[in-house]
Amino acid sequence: MISHDIHNIKLAADGKKRIEWADAHMPVLAKIRERFAKEKPLKGYRMAACLHVTTETANLMRTLKAGGATVALCASNPLSTQDVVAASLVKDYGISVFAINAENNKTYYKHIHQALDFKPHMTMDDGADLVSTLHSDRTELLDGIIAGTEETTTGVIRLRAMANDGKLAFPIIAVNDSKTKHFFDNRYGTGQSTLDGVIRATNFLLAGSTVVVAGYGWCGRGVAVRAKGMGADVIVTEVDHVKAIEAAMDGFRVMPMAKAAPLGDLFITLTGDINVIRPEHFIKMKSGAIVCNSGHFNVELDLDGLKGIARSIKTVRPFVEEYSLMNRRKVYILGEGRLINLAAAEGHPAVVMDMSFANQSLAAEYLIKLKKPLDKDVHILPEKLDNQIAKMKLDSMGIRIDRLTPEQKEYLASWEIGT
Ligand code: ADE
């Protein structure tokens, strides 16, 4: 039985066209869906998914359903839901969805509970709000859950903390940690979609501007490289010594935020940590500086602190709020500090989500087929499956590569041959 709480079912026709457009750019997922439809590896399993409700996610939901699963989907961020997609998933694809764009916190959590009301055997999370709600408010469901998957770096960090505290009640596959996920989705996906979000919200010109990128993980380096490619002078801030060296050797200026604050025209946080840009930084910024976050949670900008030094706040364009500060300068905050690539743009392009969601699909199948359950810990997908996705993606791109000769294989497995 389908149930839903969405904005407007009448939007379905537009959503369907968009879902099909994305599908045409997700050939690996489409192949998996074809096989799932024949083999039904997920038959009889109920899955609760807490993901950004986008066209790409819609194609993942179709894949899980084709595999025989009953799926309930809720949003993993209040601003990322594409209402047209939610409508089409319900109307055209018979999937239960609980997600409304710009829902408040109370509705966001109500929707998570509604997805959990399906009594899932498996969870699929992006940021770990679903798993955290299960472990705090819905513990009666824990016995019925065999395993889960997690999509993003922030969620993996939270789940590892739960496992370290001995609190994680079922095993999780960290899809984020697959090579075919973070090397591409985090780097090229976030790199492009973050700048896309900034540009859609502001019409900002990167060429000739100074862009401060906080965090040089896979997401930060994606943004830094792409901003440089579009002509920006990029400054990186870091707390990790090794990553700071990498940024320096990649050709970026590296300095503390306190030094970068007066220099930047655009600031982008991608650290996964809290209060990275604080009042002592905001107050030093040039008038007109634009500040946004592309990390998972809206905690990276200290907006309460910013309000404390602001004389007035007004919305000047969709997704753009002007803060007039005590020192008479103006600072512009995008998307309320929520992840700008999904708030003001459409998230990562389907071409990269193809690999991320191939990982999600194969992880679900792997967890169900396991003879012996995994430990209640955070695991990675077996390398064989990761490589299989890479091969399928290359095939879809029409790219062929060399194979090891028998002599090369033997050489790599030997230790006798040296200088
Ligand atoms: N995360 C980042 N981009 C996304 C997208 N397009 N769909 C789902 N999750 C995402």
Side-chain angles (χ1 to χ4, degrees), residues 15 18-26 28-30 47 49-64 71 73-86 88-89 93 95 97 99 101 108 115 123-130 149-156 174-178 180-198 200 217-220 222-223 226 268-270 272 292-298 335 338-361 363-364:
R18 286 170 167 267
I19 292 167
E20 285 168 359
W21 174 263
D23 191 43
H25 301 90
M26 303 179 85
V28 177
L29 190 64
M47 306 186 64
C50 179
L51 301 168
H52 299 295
V53 181
T54 63
T55 51
E56 293 76 24
T57 298
N59 288 313
L60 170 62
M61 296 300 106
R62 292 174 60 200
T63 305
L64 302 176
V71 193
L73 173 66
C74 60
S76 60
N77 186 286
L79 281 190
S80 61
T81 297
Q82 296 168 4
D83 288 323
V84 294
V85 170
S88 177
L89 274 172
Y93 298 105
I95 287 167
V97 182
N101 185 268
Y108 174 77
T123 61
M124 195 168 269
D125 225 336
D126 187 335
D129 280 345
L130 185 71
T149 63
E150 170 54 54
E151 170 78 6
T152 201
T153 317
T154 294
V156 171
V175 160
N176 180 71
D177 293 2
S178 291
T180 48
K181 201 280 184 180
H182 66 273
F183 287 158
F184 305 96
D185 170 315
N186 301 26
R187 183 167 30 170
Y188 304 106
T190 309
Q192 180 168 312
S193 63
T194 298
L195 297 181
D196 183 15
V198 170
R200 288 195 205 196
W218 290 108
C219 295
V223 171
R226 254 127 282 278
I268 306 172
T269 55
L270 309 100
C292 66
N293 166 52
S294 202
H296 185 81
F297 286 120
N298 58 333
R338 296 193 189 274
L339 69 194
I340 193 63
N341 61 337
L342 279 139
E346 296 173 54
H348 306 345
V351 171
V352 280
M353 294 312 294
D354 189 23
M355 283 187 282
S356 309
F357 287 165
N359 272 279
Q360 288 284 9
S361 309

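Note that ligands are numbered from 1 as they come in the structure, with each ligand's atoms numbered from 1 the same way.
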Open item on the list: Whether D177 and K181 form a salt bridge (side-chain N of Lys/Arg under 4.0 Å from carboxylate O of Asp/Glu) is what I want to check.
Closed with: no
Open item on the list: For a quick check under 3.5 Å, do S80 and H52 share a side-chain donor-acceptor pair by atom type?
Closed with: yes
TODO: For residues Y93 and M61, determine if any side-chain heavy atom of one lies less than 4.5 Å from a side-chain heavy atom of the other.
DONE: no
Open item on the list: Counting only heavy atoms from other residues, nucleotides and ligands, does the tally under 6.0 Å from CZ of R18 exceed 12?
Closed with: no
Task: Any residue meeting side chain to side chain donor-acceptor pair (under 3.5 Å) with D23, in chain and number order, not counting sequence neighbours - done: R33
Open item on the list: Is a donor from one side chain sitting under 3.5 angstrom from an acceptor on the other, for S193 and H348?
Closed with: yes
- [ ] Compile the protein residues with any heavy atom at a distance under 4.0 Å from an atom of ligand 1; present them by chain, then by number.
- [x] H52, T54, E56, T57, L342, E346, G347, H348, M353, F357
